[in-house]
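First up is the structure itself, then whatever we jot down about it.
One-based numbering, in listed order, for ligands and for the atoms of each.
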Amino acid sequence: MLLTITTTHRPATDLGYLLHKNPARVQAVELAFGRADVFYPEASEERCTAALLLEVDPVGLVRGRRPAGEGFSLAQYVNDRPYVASSLMSAALSRVLGSALNGHSRERPELVDAPLPLEARLPVLPARGGEDFLRRLFEPLGYEVVIEAEPDGASAAGLAEWDRHPYLALTLRGRLPLRALLSHLYVLIPVLDNDKHYWVSRDEIEKLLRHGEGWLTTHPMREAIVSRYLKRQRRLINEALARLTSEEEADADEAESEREQEEQAVERTIALNEQRLAAVIDEVRAAGAASVIDLGCGEGQLLRQLLGERTIERIVGLDVSVAALERAGERLKLERLPEAKRRQIELIHGSLMYRDRRLEGFDVATIIEVIEHLDPPRLAAFERVVFEFARPGRVILTTPNIEYNARFENLPAGQLRHRDHRFEWTRTEFEAWARAVAGRFGYSVEFKPVGPVDEQLGPPTQMGVFQP
Ligand code: SAH
């Protein structure tokens, strides 16, 4: 069972200080169920990788667990536990890397909460629930998720053909504090394991709530996570969920989003951003909306303007990025709003990839400069979430017109406006997509240019307004 964590933060060897483990030495820790070694396969200024190798003693693991004669089965001795990243990895994480998990660093306290470029890799993971489940667990936390099949997993584990089930290699990449990564792994690795025979006590609720702090309450898969973490023990699950719902959303990563600044730099000459916001507000007014949900609200530019609209009674901003939502909360100065205004607006963490009842029942949904951030193969999921399930009374959607890029002097030819854009469409491409979506879900669509219209290239931003 192996976990590696890599950073390219400079100097990368700070990772050693954060983990309280010297990169120059191999450190072994004896555990009740085996032993853990921490070592560094690479440790340079540019790149540093720490590895946690867990060797489980399969006999020690079951010895003394159950009274003799009760529930004995060969499966206790012949199992895949020593080889896959299972619940025991969490136990090892907290024993061996407890200080880092709990956010203590004597030598580098300023890095404890700093978002760092991190990559975690679990090369042998039980794939129960499949690839989709893995994505749904980790993507809402802001990770780029890479999953590879592990064809040799079963044979590596020495399992017989009949006991073969697929293993996956999981890589997570993100920019977040190390302690956040460790707490995600601490909670979610046992969730993947889903082994019903594992013993759970009430202490597990405390561990779950402690390590889930700041992210579990708003995770779209919260119920599945709690249920699997507590091994489907109904009473424990109910207690944990009740406590989670009453808990305040607290600490999260404070990743400073560079997105806005960068995109603004490209589009600056024509103050396109302002024109886009004004065009969207005009459409919201024209719709006479009393409730608006801004999907992919980012740092809340549009939300701020919506708050100034007297006829709007309910505003919700949704984003997949916790950091963006935090910034939105700060910029909107939510704490300082008068109570009545404060109650009008809500920021929610969620993903446009998954059906979510919180998105239902709005007069208008705005989706401003968001679709180009979605992977094309996943657009179909997004379309259903918005147009089939949420079904707002009107959808106002904008996206760049790639044809106009030639007019941006500071944008090299062939380059998209932002490095996170997965695509940018021509007018023909956008209109074809929008018409097809409208047709499929029983909406009609109208197109409106935003920004100065170039005779040949069209406007810099294209807008589609959909109505049932
Ligand atoms: N609408 C804002 C932000 C646009 S940037 C504005 O106009 O300023 C795109 C935003 O979409 C980012 O904040 C990003 O976090 C969010 N996003 C990307 N994928 C998402 C998804 N699957 N679900 C919800 N939001 C997503």
Side-chain angles (χ1 to χ4, degrees), residues 115 132 135-145 174-176 218-221 252-253 255-268 271-281 283-284 292-306 315-332 347-356 358-359 364-386 389-390 395-400 416-424 450-451 460-463:
D132 185 52
R135 290 193 184 281
R136 289 165 65 189
L137 286 181
F138 288 102
E139 283 182 350
L141 295 168
Y143 291 101
E144 180 197 336
V145 177
R175 229 188 129 75
L176 72 172
T218 52
H219 197 295
M221 296 282 284
D253 39 337
E256 184 79 24
S257 140
E258 296 156 20
R259 185 201 60 79
E260 256 182 26
Q261 287 149 20
E262 201 175 305
E263 215 162 301
Q264 272 169 14
V266 174
E267 296 177 341
R268 184 165 36 215
L272 179 57
N273 194 33
E274 273 72 50
Q275 296 188 42
R276 187 161 48 224
L277 284 172
V280 173
I281 290 289
E283 284 302 320
V284 171
V292 179
I293 184 163
D294 188 23
L295 301 172
C297 64
E299 299 179 1
Q301 290 193 77
L302 179 64
L303 297 175
R304 190 162 49 194
Q305 304 233 1
L306 291 171
I315 303 166
V316 171
L318 168 134
D319 206 282
V320 77
S321 156
V322 174
L325 289 173
E326 289 223 321
R327 292 266 300 153
E330 282 164 23
R331 291 172 115 206
L332 292 165
L347 298 177
I348 60 179
H349 182 215
S351 168
L352 288 168
M353 291 299 137
Y354 306 112
R355 180 180 186 172
D356 187 333
R358 297 174 300 174
L359 314 189
V364 167
T366 50
I367 309 171
I368 309 308
E369 307 294 287
V370 173
I371 57 168
E372 64 276 9
H373 293 265
L374 307 178
D375 283 326
R378 321 204 80 215
L379 274 177
F382 157 82
E383 292 158 17
R384 294 192 66 198
V385 167
V386 174
F389 299 121
V395 177
I396 303 168
L397 184 149
T398 73
T399 193
L416 301 184
R417 292 183 204 179
H418 186 270
R419 66 184 136 75
D420 189 48
H421 285 182
R422 310 299 155 93
F423 58 86
E424 284 171 3
V450 178
T461 297
Q462 31 193 357
M463 176 158 80

| task | Kindly confirm or rule out an N or O of L352 lying under 3.5 angstrom from an N or O of ligand 1. | result |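 Indeed, backbone or side chain, L352 has an N or O that close.
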| Does the N or O separation between A324 and ligand 1 drop below 3.5 Å for any pair? |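 No, no N or O pair falls under 3.5 Å.
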Atom indices of ligand 1, in the order listed, that fall short of 4.0 Å to a heavy atom of [X]:
| X | value |
| --- | --- |
| S351 | 22 (N), 23 (N) |
| Q301 | 8 (O) |
| S321 | 15 (O) |
| C297 | 2 (C) |
| I368 | 1 (N), 2 (C), 4 (C), 6 (C), 7 (O) |
| V370 | 11 (O) |
| E369 | 4 (C), 5 (S), 9 (C) |

| Would R417 and E424 count as a side-chain contact (heavy atoms from CB on, under 4.5 Å) if you check the C-alpha gap in whole Å, the side-chain angles of each, and the deciding distance to 0.1 Å? | CA-CA 8 Å; R417 292 183 204 179; E424 284 171 3; 3.3 Å; yes
[options]: member with heavy atom nearest to [atom]:
| atom | options | answer |
| --- | --- | --- |
| atom 10 (C) of ligand 1 | D294, I367, V280, D319 | D319 |
| atom 1 (N) of ligand 1 | G298, G142, G296 | G296 |
| atom 17 (N) of ligand 1 | L295, V320, D375, L325 | V320 |

| P376: side-chain contact (heavy atoms from CB on, under 4.5 Å) partners, not counting sequence neighbours |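 By the side-chain contact (heavy atoms from CB on, under 4.5 Å) rule, P376 matches R422, F423.
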| message | How long is the straight-line distance from CZ of R358 back to CG of L318, given to the nearest 0.5 Å? | response |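 It comes to 6.5 Å.
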| query | Measuring from H373:NE2 to S321:OG, what's the distance to the nearest 0.5 Å? | reply |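 The NE2 atom of H373 sits 11.5 Å away from the OG atom of S321.
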| request: Inspect the contact between E369 and R276 and indicate whether a charged nitrogen and a carboxylate oxygen are less than 4.0 angstrom apart. | output: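 A salt bridge links R276 with E369.
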| message | Between R135 and E144 (salt bridge meaning N to carboxylate O under 4.0 Å), is one present in this structure? | response |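 Salt bridge flag = no for E144 with R135.
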| message | Determine whether F382 and I367 satisfy the following criterion, side-chain contact (heavy atoms from CB on, under 4.5 Å), listing intermediate values before the conclusion. | response | CA-CA 11 Å; F382 157 82; I367 309 171; 3.9 Å; yes
| field | Heavy-atom side-chain proximity of V316 to I348 below 4.5 angstrom | value |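 Result yes, sub-4.5 Å side-chain heavy-atom pair found.
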